[in-house]
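Below is one structure, written out as structure tokens, with a few remarks after it.
When reading the values below, keep in mind they use all heavy atoms of this one structure, side chains included, and skip hydrogens, waters and symmetry mates. Since we're looking at a predicted model, the values are computed, not measured.
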Amino acid sequence: MCESLNKYSRTLTQDPTQPATRAMYYGIGFKKEDFDKAQIGVASMGYDGNTCNMHLNGLSELVKKGVNRQDLVGLMFHTIGISDGMTNGTDGMRYSLVSRDIIADSIETVCAGQYYDGLITVPGCDKNMPGSVMAMARLNRPSIMVYGGSIEAGLYKGTDLNIVSAFEALGNKIAGKISGEDYEGIIKNSCPGAGACGGMYTANTMASAIEALGMSLPYSSSYPALSREKKEECEQAGYYMRILLEKDIKPSDIMTPEAFENALRMIMVLGGSTNAVIHFIAIAKSIGYRLTLDDFRRISDETPLLADLKPSGKYLMQDLHRVGGVPAVMRYLLDEGLIHGHCLTVTGKTVAENLANITSVIDREQDIIRRVDNPIKPSGHIRIMYGNLAEKGCVAKITGKEGSFFKGKARVFDGEKQFIRGIEDRVIREGDVVVIKNEGPKGAPGMPEMLKPTSALMGSGLGKNVALITDGRFSGGTHGFVVGHITPEAFDGGLIGLVKDNDLIEIDAEKNTINLIISEKELQERKTGFRQPDHKVKSGVLYKYAKLVSDASQGCITDF
């Protein structure tokens, strides 16, 4: 037990040689008794410009009230966000992954500089969550993540919609499959209000996996954004923060190797986003644990895909919520011996203790989660591949519906804008392997998502008959035979930057290989002729990022 709950903030509040500090506390409304209380930073990622984040300031106010009711002092601050959904397909998307590290840096900076004793973050969009947990790991003070929750489904002409519906509408329009009126109708109705994108895309993937990791409260990942339960969770977070402070339970006590295995199992079972690979490698590094691509390969090989969730499946997170949410799935995985029950969580209890009175999802009337003996796919959908095209590895998302082998001629595009022109000009043919290069963490810079290209392929009808490979990354909303995170990237001389039109490429998701079929002589000649290009930007945050960032196999971290 920790006798002094304010062991950090007392540096400012209890030092008689800091009169100006005390004066400023009185200035913000402190009473004399507040100087003895532990201070909890409440980090909101709320901002008006994004449906994922527009409600987070309100939720953060509830968190702060709950903290104050526990005889603690809640002090709210804010950090940034970038909307992946809005910036996809534009140069603004280059800032998305960059924002993860800025979020982590800013939370660490505020909490360390202001000597907060604990931290509660309220994230919504994709990079908010890993940024939050990376900061928690660096600080290693009692911490809880409260997910902002997912959006309700949209509706148009009797069809449920989500953000990917809007992306794919472009391909449908280009292919002449829908009218201009229906194109606008889909756009207007895809996002009916506040909350993160509703499928098992990156936001819900990270929220579910972080709950399995033990860093958020049970049900946090599956309570809808505007639900009564989400508001109650916010108000209860202060109660659990008090427990963490009293027991001195820190992120390093929770984020153990076994806890990371629980998180990775959840990603595989639910069919989660490939972005989770770079994010969890980065989170693990922040807590001092080395997680590698081969750990993802091992867990994927051992874990069946059980969830029929979008983008490749039928259901949304709101549907999973109705049948018990993530805790009901975790209970089933615990019963099957797929997760570790002894791992500590932010409730102050173990995973097994949290789940003791939860009914397994398999014992409920539902068809979202299958039994382990009747999986959608007997092994995980995330495939880690190596070959001459990816000497340091790459990440594929293969659910089984796309097949497991693809061999075709390369159709090369220098960036996604050139690709979009190519699909409009109909230069892509069935059987092609689309290559989008120079979209890596250094080359883009920022490693933007290729959701616009993959959605355009799906909408145009080509998605099931072509493969796509890139040194960029994919949205959690992406589906199809796609391979991303190719390392080394084109900027660093990776072979993906040396592929030419009509070269033969072979991708084998059973053998986990990806190769350019080319003679050794031709390969060496192309490598010899490589000259590293100048950075596309010469100043500002993108330039700084390009100079600092590690490759995708190391999590695209900036503090290595």
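Between Arg298 and Asp301 no salt bridge is recorded (no basic side-chain N to carboxylate O distance below 4.0 Å). The pair Lys37-Asp34 meets the salt-bridge criterion, with a side-chain N (NZ, NE, NH1 or NH2) lying under 4.0 Å from an Asp/Glu carboxylate O. For the pair Asp559 and Lys285, the salt-bridge criterion is met [side-chain N within less than 4.0 Å of a carboxylate O]. Salt-bridge check for Asp101 with Lys544: failed, with every basic side-chain N at 4.0 Å or more from each acidic carboxylate O. A salt bridge is defined here as a Lys NZ or Arg NE, NH1 or NH2 lying under 4.0 Å from an Asp or Glu carboxylate O, and Asp117 with Lys7 fails to meet this definition. Taking the charged nitrogens against the carboxylate oxygens, Arg265 and Glu336 have no contact shorter than 4.0 Å, which rules out a salt bridge. Checked for salt-bridge contact, Asp295 and Arg297 miss the test: no charged N lies under 4.0 Å from a carboxylate O.
For Ser273 and Thr205, the side-chain atoms include no donor-acceptor pair closer than 3.5 Å. Judged purely by distance below 3.5 Å, without hydrogens or angles, the side chains of Ser553 and Thr487 never pair a donor atom with an acceptor atom.
Between Ser96 and Lys127, some side-chain heavy-atom pair lies under the 4.5 Å cut-off. Residues Ile382 and Ile267 form a side-chain contact, since some pair of their non-hydrogen atoms from C-beta on lies under 4.5 Å apart. Residues Leu245 and Ile40 form a side-chain contact, since some pair of their non-hydrogen atoms from C-beta on lies under 4.5 Å apart. Ile120 places a side-chain heavy atom less than 4.5 Å from the side chain of Val67. Ile281 has its side chain within reach of Leu293: a pair of non-hydrogen atoms, C-beta onward, lies under 4.5 Å apart.
For the pair Leu244 and Ser143, the tightest heavy-atom approach, listed with the atom from each and the gap, is CD1-O, 3.7 Å. Of all non-hydrogen atoms in Thr347 and Ile243, the two that sit nearest each other are O-CG2, 4.0 Å. The two atoms that bring Thr256 and Asp253 nearest to each other are CG2-O, 3.8 Å, heavy atoms only. Among all heavy-atom pairs drawn from Cys197 and Ile163, the shortest one is SG-CG2, 3.4 Å. Residue Met136 comes nearest to Met215 through the heavy atom pair SD-CE, 3.7 Å, listed as atom of the first residue, atom of the second, then distance.
Looking only at distances, a side-chain donor or acceptor of Gln366 sits under 3.5 Å from a matching main-chain atom of Ile369. In this structure a side-chain-to-backbone donor-acceptor pair under 3.5 Å is missing from Thr350 to His342. At least one donor-acceptor pair closer than 3.5 Å links the side chain of Arg100 to the backbone N or O of Cys556. A donor-acceptor distance shorter than 3.5 angstrom exists from the side chain of Ser44 to the backbone of Gly46, with no hydrogens or angles considered. Side-chain atoms of Glu235 do not come within 3.5 Å of backbone N or O of Val63 as any donor-acceptor pair. Between the Asn262 side chain and the His340 main chain, a donor and an acceptor come within less than 3.5 Å of each other. Between the side chain of Arg94 and the backbone N or O of Pro448, no donor-acceptor pair lies under 3.5 Å. Looking at Asp84, its side chain never comes within 3.5 Å of a backbone N or O of Thr87 through a donor-acceptor pair. A donor-acceptor contact shorter than 3.5 Å is absent between the side chain of Glu61 and the backbone of Leu56. Between the Ser220 side chain and the Tyr147 main chain, a donor and an acceptor come within less than 3.5 Å of each other.
Below 30°, between 30° and 60°, or above 60°: for His321 and Tyr223 the angle between ring planes is above 60°, a perpendicular geometry. Using cut-offs of 30° and 60° for the angle between ring planes, the Tyr26 and Phe35 rings count as tilted.
A centroid separation of less than 6.0 Å is found between the aromatic rings of His535 and Phe491.
The environment of Lys349 atom NZ is sparse: at most 12 non-hydrogen atoms of other residues, nucleotides or ligands sit within 6.0 angstrom. Within a 6.0 Å sphere centred on CD of Glu152, other residues, nucleotides and ligands contribute 12 heavy atoms or fewer.
Remark: Arg141 is positioned above the aromatic ring of Tyr8, its terminal NZ or CZ atom under 6.0 angstrom from the ring centre and at most 45 degrees off the axis.
The one candidate from Met447, Glu449, Met450, Glu489 that meets the side-chain contact (heavy atoms from CB on, under 4.5 Å) condition with Glu439 is Met450.
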